[in-house]
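Inspection log for the structure reproduced underneath, given as structure tokens.
In what follows, every heavy atom counts, from backbone to side chain, and hydrogens, waters and symmetry copies are set aside. What you see is a predicted model; the values in this text were computed from it and never measured. Naming convention: chains lettered A, B, ... in sequence-line order (proteins, then strands); numbering from 1 in each chain.
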Number of protein chains: 2
Amino acid sequence: MNSAVAINQRARSAQQKAQRRRVVLDAAQAYFLEVGYEAFSMTQLAKKTGLVKGTLYLYFKTREELFLTLYEQSLIRWGQVFIARLADAMTSKAYAQSLYKTAVADGTFLPLLIRLEHVIEHNVSIPRLINSKRVFILQVGIVARSTASALNLSQAQATEVVKTMGVLLIGATRSDQGPSLNQEELPDDVQALIASFSSETLFVKNAVRIIEGIRAEGITDAERPKHASTSTT
Amino acid sequence: MNSAVAINQRARSAQQKAQRRRVVLDAAQAYFLEVGYEAFSMTQLAKKTGLVKGTLYLYFKTREELFLTLYEQSLIRWGQVFIARLADAMTSKAYAQSLYKTAVADGTFLPLLIRLEHVIEHNVSIPRLINSKRVFILQVGIVARSTASALNLSQAQATEVVKTMGVLLIGATRSDQGPSLNQEELPDDVQALIASFSSETLFVKNAVRIIEGIRAEGITDAERPKHASTSTT
DNA sequence: TTATATAACTGACCAACGGTCATTACAAGT
DNA sequence: ACTTGTAATGACCGTTGGTCAGTTATATAA
């Protein structure tokens, strides 16, 4: 029990403050998984940590800076999980499926990614935003490197794949963010529509089209890959 | 001056009420173009119409039902503009560029589309939501029909193209929704990142890949198109 | 023309939000 | 034991979306 700060004690050293910040972040992560973005209230979070709202603002300048931090964490976490599941010479379909599944499995990554630009980034200091973008650049680089060997692409092609997958992921999982219509209270035509927007198929099919498109474009350009792994139906 | 209701008069007949609803919607549209989604306040909108907040809630059950109505309008409006600009036997690139430009040009369509599932639909009555989905189904059908002849695709392929374009559009224009960083206060690496996410190129390139992917898949299936229009760089 | 019933409209009100800041109280240095 | 810097507090602020009992304009009946 050297530097562990009980929640009713004051965090004075830099180390203790960092630790308290962690406690808040962990509570925020759990709370976010419970209630999601819109219902997330700073007052409630304070109660969950045993602190008080004003105190939270000593550790995060705004609600959105807290969310931005959660987002960065989830981005890194997802990247590690995804890379760990990549193998050499995968089909583009297997790659896309793995990307989709790992992203969805992380309960915070997608909800935050979707709201990044049009909500979160609008209430965040410029230096904090710059930092966040750098984290992003770094992660794209890391994931792209693994992607290059998994899909047998050049580094430039792999980078393009990774960036584009992000774009597609946001669009494709959008329908999952709608209200939960558990009941069969919907008429058939609407149910059919929703079914046709099943996010997994939507993502995987188009991811394959895009990856194969990028691969094909690459052939006309520089060096051609040694042995291309082709797509599937 | 038969049934026109002055703003300080009461709307009693169904016609007059419909007309007043229109007035509110038009004011809302203009106000939305001014301030966007987050800063849009019902009290302010009431002031702009010469009414009072409570009155607005006679015409729209929630703020989000108002937004949902604006969305439907913008969807229909965009569809008309887009279709009017389509020609027979276009390249997929020209098609994608036209789709992108018309969507962006309509100032309300994209901001509302982006927030549809994860914000708007969560505070809307089920019947209202069903209605909205039906409007969507209808519009997809209409646009798909024009798309089929413009891109020389089967109706099924065209429908898939249209649906997928929506998905891609949301992902690709996400970066435009970030805070306006007019200043050159950003370091070079971050500026380069933002530049690499230029939404138009991002959208057009991937739209072409997807359209060509769908076209290629179609050939192995049923009837092949009479003369395929190929893509470009 | 006048009386009555209806419902469009109002504005005061509510709870909850994110965020601020003067004040308080506690841990560390002397 | 005393001093001091600052972590923590909680009362407070402005604003939000939404409600509703009461008011009053107006179409209709007498």
Side chain to side chain donor-acceptor pair (under 3.5 Å) partner of B:Glu34, chosen from B:Gln44, B:Lys48, B:Gln29:
B:Lys48
Assert yes or no for the condition that the ring centre distance of A:Tyr100 to A:Tyr95 is strictly below 6.0 Å.
no
Could you check which residues of residues 120-130 of chain B get a heavy atom under 4.0 Å from DNA chain D? Sort them by number, please.
B:Asn123
Can you measure A:Leu66 atom CG to C:dG19 atom C1' for me and round it to whole angstrom units?
14 Å
Is the closest basic N to carboxylate O distance between B:Glu121 and B:Lys133 below 4.0 Å?
yes
Taking CD from A:Glu64 and P from C:dC17, how many angstroms apart are they, rounded to a whole number?
14 Å
Taking NZ, NE, NH1 and NH2 as the nitrogens, is one of them in B:Glu160 or A:Arg209 under 4.0 Å from a carboxylate oxygen of the other?
yes
Residues B:Arg128 and B:Glu72 bridged, charged N to O under 4.0 Å
yes
From CD of A:Glu38 across to P of D:dG17 the rounded distance in Å is 14 Å
For B:Arg85, look at atom CZ and say whether over 12 heavy atoms of other residues, nucleotides or ligands are found less than 6.0 Å away.
no
Separation of C:dT20 C1' from A:Arg63 CZ (nearest whole Å):
17 Å
Within the sub-3.5 Å range, which N or O atoms of nucleotides 28-30 of chain D have a protein N or O partner, and how far apart are they?
none

Rounded to the nearest Å, what distance is computed from the OH atom of residue A:Tyr37 to the C1' atom of nucleotide C:dG18?
12 Å
Could you check how far CE of B:Met42 sits from P of C:dC17, rounded to whole Å?
20 Å
May I ask you to check whether B:Asp106 and B:Ser74 show a side-chain donor-acceptor distance below 3.5 Å?
no
Nucleotides 6-11 of chain C: protein proximity per nucleotide (B base, S sugar-phosphate only, - neither; heavy atom, under 4.0 Å):
BBBBBB
In a check of ring pair (Phe, Tyr, Trp, His ring centres under 6.0 Å) between B:Phe67 and each of B:Phe60, B:Tyr31, B:Tyr37, which one passes?
B:Tyr37
salt_bridge(A:Glu64, A:Arg115) N-O dist < 4.0 Å:
no
With distance as the sole criterion, is a donor-acceptor pair present between the side chains of A:Glu65 and A:Ser125 under 3.5 Å?
yes
Any non-hydrogen side-chain atom of B:Phe203 less than 4.5 Å from a side-chain atom of B:Leu169?
yes
Taken to the nearest whole Å, OH/B:Tyr57 to P/C:dA12 is 18 Å
Distance, rounded to the nearest Å, where B:Phe60 contributes CZ and D:dT19 contributes C1':
18 Å
